[in-house]
Enquirer: 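Have a look at this one before I ask anything.
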Amino acid sequence: MKYSLFLFILFSNTLFSQEAENPITEKALQNEILKMDSLFFNVAFNKCDLKLYKKIMSPEIEFYDDRSGLNTSFDVEIASFKDRCSRPFAVTRQLVSATVHVLGNYGAVEIGVHEFYEDGKKVQRGKFIIIWERKEGSWIIKRTVSYDHEPV
C-alpha cells in the first residue's frame, strides 16, 4: 500500500512538473484558436474550400443549431456545405467577438458572436460555441452550437 502511494505521488509530481514546463497561456491559446477560426471560416467556409473544410472538421462532428436541430453526420454537413457553395449568391460569415478557454488537456472552447452575409449584405447575427479538439498536433472542430440567430 505504501509503495502504491509512493508511485502515485511520484507520478503526480512528474505530471505536474511536465505541465509546468510547457504551460500554454490563455493568450497563446486564444491566438491559436482565433487563427483556426479564421482559417476555417474566412478561408474554408467563405471561399468554399471543401478540402480545407473537411480537414478542420472532425468526422465525428456534432452540430447543434437553433434553426435545424442536431446533425451528427459528417456527410450531411459536407452536403450542406456543397449546397451553400452552389447558390447563386455568396454566403459568408464574419466573427464579431470571441473568448477562448482551455479544456484541460483535451482542447479549447470558443464562445462568441458572428454575423452572416449574403453577397456582402448583413442578414443575420447569432451566437456560437465551438469545442476545438487538439488532435495529432492540429486543431479540429469536434462540437458546435449555433444559436440565438436573429435577422438584422
Enquirer: Would you compute the distance between atom SG of C48 and atom CZ of R84 and round it to the nearest 0.5 angstrom?
Expert: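 These two atoms lie 5.0 Å from each other.
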Enquirer: Using a side-chain heavy atom cutoff under 4.5 Å and only I, L, V, M, F, W and Y, what cluster partners does V109 have?
Expert: Y64, L70, L103, Y106, I111, I129, I131, V145, Y147
Enquirer: Can you label the angle between the F40 ring and the W132 ring as parallel, tilted or perpendicular, going by 30° and 60°?
Expert: perpendicular
Enquirer: Are D49 and K47 within salt-bridge range, i.e. N to O under 4.0 Å?
Expert: no
Enquirer: Just how far is it from atom NE2 of H149 to atom OG of S68, taken to the nearest 0.5 Å?
Expert: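 Going from NE2 on H149 over to OG on S68, the span is 9.0 Å.
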Enquirer: Over all heavy atoms of both residues, which pair between L29 and H101 is shortest? Give the atoms and the distance, please.
Expert: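 Looks like CD2-C, 3.8 Å.
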Enquirer: Check W139 against M36 and note the closest heavy-atom contact, atom names and distance.
Expert: O-CE, 3.5 Å
Enquirer: Establish whether L34 and V102 are linked, either directly or via other cluster members, by ILVMFWY side-chain heavy-atom contacts under 4.5 Å.
Expert: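 Yes; tracing contacts between hydrophobic side chains, which count when under 4.5 Å, links both residues.
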Enquirer: Please say yes or no: joined through hydrophobic side-chain contacts below 4.5 Å, possibly via intermediate residues, are L50 and F45 part of one cluster?
Expert: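 They do share one cluster, since a chain of ILVMFWY contacts under 4.5 Å joins L50 to F45.
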Enquirer: Are I78 and I140 connected, step by step, through hydrophobic side chains (Ile, Leu, Val, Met, Phe, Trp, Tyr) whose heavy atoms are closer than 4.5 Å?
Expert: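 Not linked; separate clusters.
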Enquirer: Show your reasoning for whether side chain to side chain contact (heavy atoms under 4.5 Å, CB included) applies to E26 and V100.
Expert: CA-CA 8 Å; E26 287 286 327; V100 177; 5.8 Å; no
Enquirer: Return the CG to CZ distance between D119 and R87, rounded to the nearest 0.5 Å.
Expert: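 Spacing of CG (D119) from CZ (R87) equals 11.5 Å.
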Enquirer: Partners of S38 by side chain to side chain donor-acceptor pair (under 3.5 Å), sequence neighbours excluded?
Expert: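 S38 satisfies side chain to side chain donor-acceptor pair (under 3.5 Å) with N42 only.
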Enquirer: So, taking the atom named CG in N71 and the one named OG1 in T144, what distance separates them when rounded to the nearest 0.5 Å?
Expert: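 Here the interatomic distance stands at 10.5 Å.
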Enquirer: I need the H114 NE2 to R93 CZ distance, nearest 0.5 Å.
Expert: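 The NE2 atom of H114 sits 6.0 Å away from the CZ atom of R93.
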Enquirer: Check whether D66 reaches the backbone of D148 with its side chain - one donor and one acceptor, N or O, closer than 3.5 Å.
Expert: yes
Enquirer: Could you go through D37 and E110, starting from their C-alpha distance and side-chain angles, then the distance that decides it, and tell me whether this counts as side chain to side chain contact (heavy atoms under 4.5 Å, CB included)?
Expert: CA-CA 9 Å; D37 181 284; E110 177 185 13; 2.9 Å; yes
Enquirer: How many angstroms lie between CG in N46 and CZ in F41, if you round to the nearest 0.5 Å?
Expert: 8.5 Å
Enquirer: Could you report the tightest heavy-atom contact between F128 and A98, atom names first, then the distance?
Expert: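 Distance-wise, the nearest heavy atoms are CZ-CB, 4.4 Å.
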Enquirer: Determine the minimum heavy-atom distance between T99 and Q30, stating which atoms define it.
Expert: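 Scanning both residues, the minimum pair turns out to be CA-OE1, 4.5 Å.
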Enquirer: More than 12 non-hydrogen atoms from neighbouring residues, nucleotides or ligands closer than 6.0 Å to NZ on K127, yes or no?
Expert: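 No, not enclosed.
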Enquirer: Determine, stepwise, if the pair K54 / F81 fulfils side chain to side chain contact (heavy atoms under 4.5 Å, CB included).
Expert: CA-CA 10 Å; K54 286 180 176 181; F81 176 88; over 6 Å; no
Enquirer: Are M57 and V43 connected in the hydrophobic side-chain network, where two residues link if heavy atoms are under 4.5 Å apart?
Expert: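 Linked within one cluster.
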Enquirer: Same cluster or not: F74 versus I130, using hydrophobic residues (I, L, V, M, F, W, Y) connected whenever any side-chain heavy atoms lie under 4.5 Å apart?
Expert: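 The answer is yes; both residues are in one hydrophobic cluster.
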Enquirer: With a 4.0 Å cut-off, would you call E115 and R125 a salt bridge?
Expert: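 Salt bridge flag = yes for R125 with E115.
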Enquirer: Determine, stepwise, if the pair K142 / E60 fulfils side chain to side chain contact (heavy atoms under 4.5 Å, CB included).
Expert: CA-CA 7 Å; K142 188 72 172 203; E60 295 90 29; 3.4 Å; yes
